[in-house]
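Sequence lines set the chain letters: A, B, ... in the order given, protein chains first and strands last, and positions in each chain run from 1.
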Amino acid sequence: MPDLDKDYDVIIIGGGPAGLSAGIYAARDRLKTVLVEMGMVGGQIANAERVDNYPGYPDGVGGVELGELMHAQAMKYGLETLMDEVTGVELREGRKVVKTAGGELSARALIIASGSERQKLNVSGEDRFTGRGVSFCATCDAAFFVDKTVAVVGGGNAAITEALHLTKFASRVIVIHRRDQLRATRIMQERAFANRKIEFLWNAVVDEVLGDDFVRSLRLRRLTTDDHFSLDVDGVFVSIGFRPNTRFLKNFVSVDAAGAIITNNRMETGLSGVFAAGDIRHESVRQVIAAAGDGAIAAIRAEEYIAGHD
Amino acid sequence: MSKPVAVTQDNFDKVVLKSDKPVLVDFWAEWCGPCRMVAPIVDELAGEYEGKIDFAKVNVDENQKIAAQYSIMSIPTLMIFKEGKPQSNIVGFRPKSELKRSLDEVLG
């Protein structure tokens with residue numbers, strides 16, 4: 001258990017690849033480091049059945065497993081982990097104070113790596129039918145849609161990965177995308193186009209989720225003509241991107257219009273001794289390896305900052 | 001410290017529906033990452049609410065009948081049962097403080 005009375009050198013908020021990599025570097029550098037995570041470590045990769053593009057794993061690695069391995073590596077060097085929810089951050093006499101549901105922690109340097117969460121559609125029926133046909137995690141919920149018709153909303157890598165996974169269970173998978181081509185990488189597109197269970201609805205958006213006790217249909221709008229039409233589905237998987245988890249920061253550091261933290265290439269925010277890493281950063285490419293790289297840079301710069309202020 | 005009990009089709013009735021205390025049931029599966037994220041929180045809550053609320057886990061893969069009976073279509077789902085009836089239905093990962101609010105509400 002982290003020692004609440006003692007002050008830390010570094011506090012890391014968030015236990016995804018960015019936070020865990022920062023933890024490996026900081027703890028290995030003999031900095032007294034605590035990582036605060038509100039659930040189990042892993043972050044968004046816990047939602048990935050398999051990660052195929054992290055170097056060193058030619059056959060891929062399970063998302064949950066990769067998170068656990070990174071955590072084990074950081075723990076080996078003395079990283080402390082606290083399972084708690086961060087409610088606020090402030091500066092007090094140059095120290096960085098992190099408020100949690102369970103108390104307060106303080107440190108000389110702070111690394112914010114709290115990542116992102118799924119963007120919702122924000123349409124009528126979405127909340128009402130969440131858990132009743134609306135899903136944000138295909139790896140979790142695909143098995144409930146055996147021989148059913150499902151829609152996937154989105155055209156990026158996450159959406160196409162989910163569509164492909166769903167074809168193992170559902171009889172029909174309809175990808176609804178607002179543009180006339182996918183954003184997903186070539187290899188993902190090739191797999192999707194080759195899969196007979198996957199159909200595409202281009203230039204269309206969801207305006208409403210309809211049903212009784214469960215989802216029964218979607219009200220769609222074709223962007224090219226602005227006309228509405230209906231599509232019968234048993235489920236809809238939302239994969240239209242991510243939103244940075246920066247609400248607890250309020251106005252602590254500068255963020256862009258989407259709420260992502262603005263840093264320089266040293267991972268420094270505008271506040272001295274406060275760093276950001278991973279998906280939470282402005283224009284993040286949202287890849288495990290990039291998050292890990294950010295985390296390493298943030299920890300190295302944090303160490304330099306602490307050494308310079310001794 | 002008490003731990004959540006693994007419940008199956010055979011003892012769901014006895015452990016959950018006939019319990020004299022409210023029961024939080026964690027519907028989960030091995031393949032579900034967010035379920036693994038929720039698990040340590042549920043474990044902690046089981047300790048904190050010991051004697052007031054019982055905690056159970058249903059593996060939906062091995063107990064599809066129960067999952068179907070309660071129309072589970074998304075996991076993790078945490079369902080709080082009181083006197084044999086679901087009172088509260090929490091879908092997806094939620095921070096501990098939010099789960100505590102739901103539990104406190106059921107305790108009234």
Side-chain angles (χ1 to χ4, degrees), chain A residues 15-16 37-51 62-68 81 83-87 100-102 117-118 120 127-146 148 150 165 168-169 213-215 234-237 245 248, chain B residues 1 4 24-48 57-80 86-104:
Chain A
E37 163 60 48
M38 64 177 174
M40 199 194 73
V41 296
Q44 286 290 345
I45 53 165
N47 291 330
E49 192 182 15
R50 212 164 51 124
V51 177
V64 170
E65 188 191 354
L66 184 57
E68 284 171 350
T81 314
M83 195 177 82
D84 206 341
E85 184 193 344
V86 175
T87 54
T100 70
E117 61 189 16
R118 282 294 177 92
K120 299 207 297 184
D127 287 341
R128 187 181 146 209
F129 291 112
T130 293
R132 292 281 180 266
V134 173
S135 171
F136 295 87
C137 176
T139 47
C140 307
D141 301 338
F144 300 112
F145 294 88
V146 173
K148 307 270 192 196
V150 297
H165 181 69
K168 296 178 202 164
F169 302 88
D213 285 343
F214 306 101
V215 170
D234 302 298
V236 54
F237 289 79
N245 283 324
F248 66 91
Chain B
M1 177 170 148
L24 180 142
V25 181
D26 175 5
F27 291 90
W28 71 286
E30 201 63 55
W31 62 67
C32 157
C35 297
R36 297 218 215 171
M37 299 198 54
V38 166
I41 298 179
V42 172
D43 286 354
E44 281 197 0
L45 291 169
E48 290 172 29
K57 290 172 93 80
V58 171
N59 181 323
V60 298
D61 194 24
E62 292 162 4
N63 301 283
Q64 295 180 9
K65 260 192 215 159
I66 305 177
Q69 191 181 339
Y70 291 97
S71 307
I72 303 294
M73 293 172 87
S74 222
I75 48 172
T77 285
L78 304 180
M79 220 176 251
I80 307 173
Q87 298 281 308
S88 176
N89 186 28
I90 304 153
V91 180
F93 179 86
R94 292 283 187 283
K96 189 175 166 187
S97 58
E98 204 178 316
L99 298 180
K100 284 178 82 154
R101 273 197 294 278
S102 300
L103 292 172
D104 293 338

Give the atom names and distances for all donor-acceptor pairs closer than 3.5 Å across chain B and chain A.
residue : atom : partner : partner atom : Å
B:W31   : NE1  : A:T139  : O            : 3.3
B:W31   : NE1  : A:C140  : O            : 2.8
B:M37   : O    : A:M40   : N            : 3.3
B:S71   : O    : A:R132  : NH1          : 3.0
B:S74   : OG   : A:D141  : OD2          : 2.5
B:I75   : N    : A:D141  : OD1          : 2.8
B:S97   : OG   : A:E85   : OE1          : 2.6

(message) Please give me the minimum heavy-atom distance between A:G39 and B:I41, naming the atom from each residue.
(response) CA-CD1, 4.1 Å

(message) How long is the straight-line distance from CZ of B:F27 back to CD1 of B:I90, given to the nearest 0.5 Å?
(response) 12.0 Å

(request) Sort A:F136 into side chain, backbone, both or neither according to what part of it lies under 4.5 angstrom from a heavy atom of chain B. (result) neither

(message) Please rank B:G92, B:C35, B:P95 by heavy-atom pairs under 4.5 Å with chain A and give me the top one.
(response) B:P95

(request) Specify the closest pair of heavy atoms between B:P40 and A:M40, including all atoms of both residues, with the distance to one decimal. (result) CG-CB, 4.1 Å

(message) Under the side-chain contact (heavy atoms from CB on, under 4.5 Å) test against B:L78, which residue among B:L103, B:V42, B:V91 passes?
(response) B:V42

(message) Could you report the tightest heavy-atom contact between B:M73 and A:G131, atom names first, then the distance?
(response) CB-O, 3.6 Å

(request) Grab the two heavy atoms, one from A:I45 and one from A:G67, that are nearest each other, plus how far apart they are. (result) CD1-N, 3.8 Å

(message) Could you tell me if the side chain of B:C32 sits less than 4.5 Å from the side chain of A:C137, heavy atoms only?
(response) no

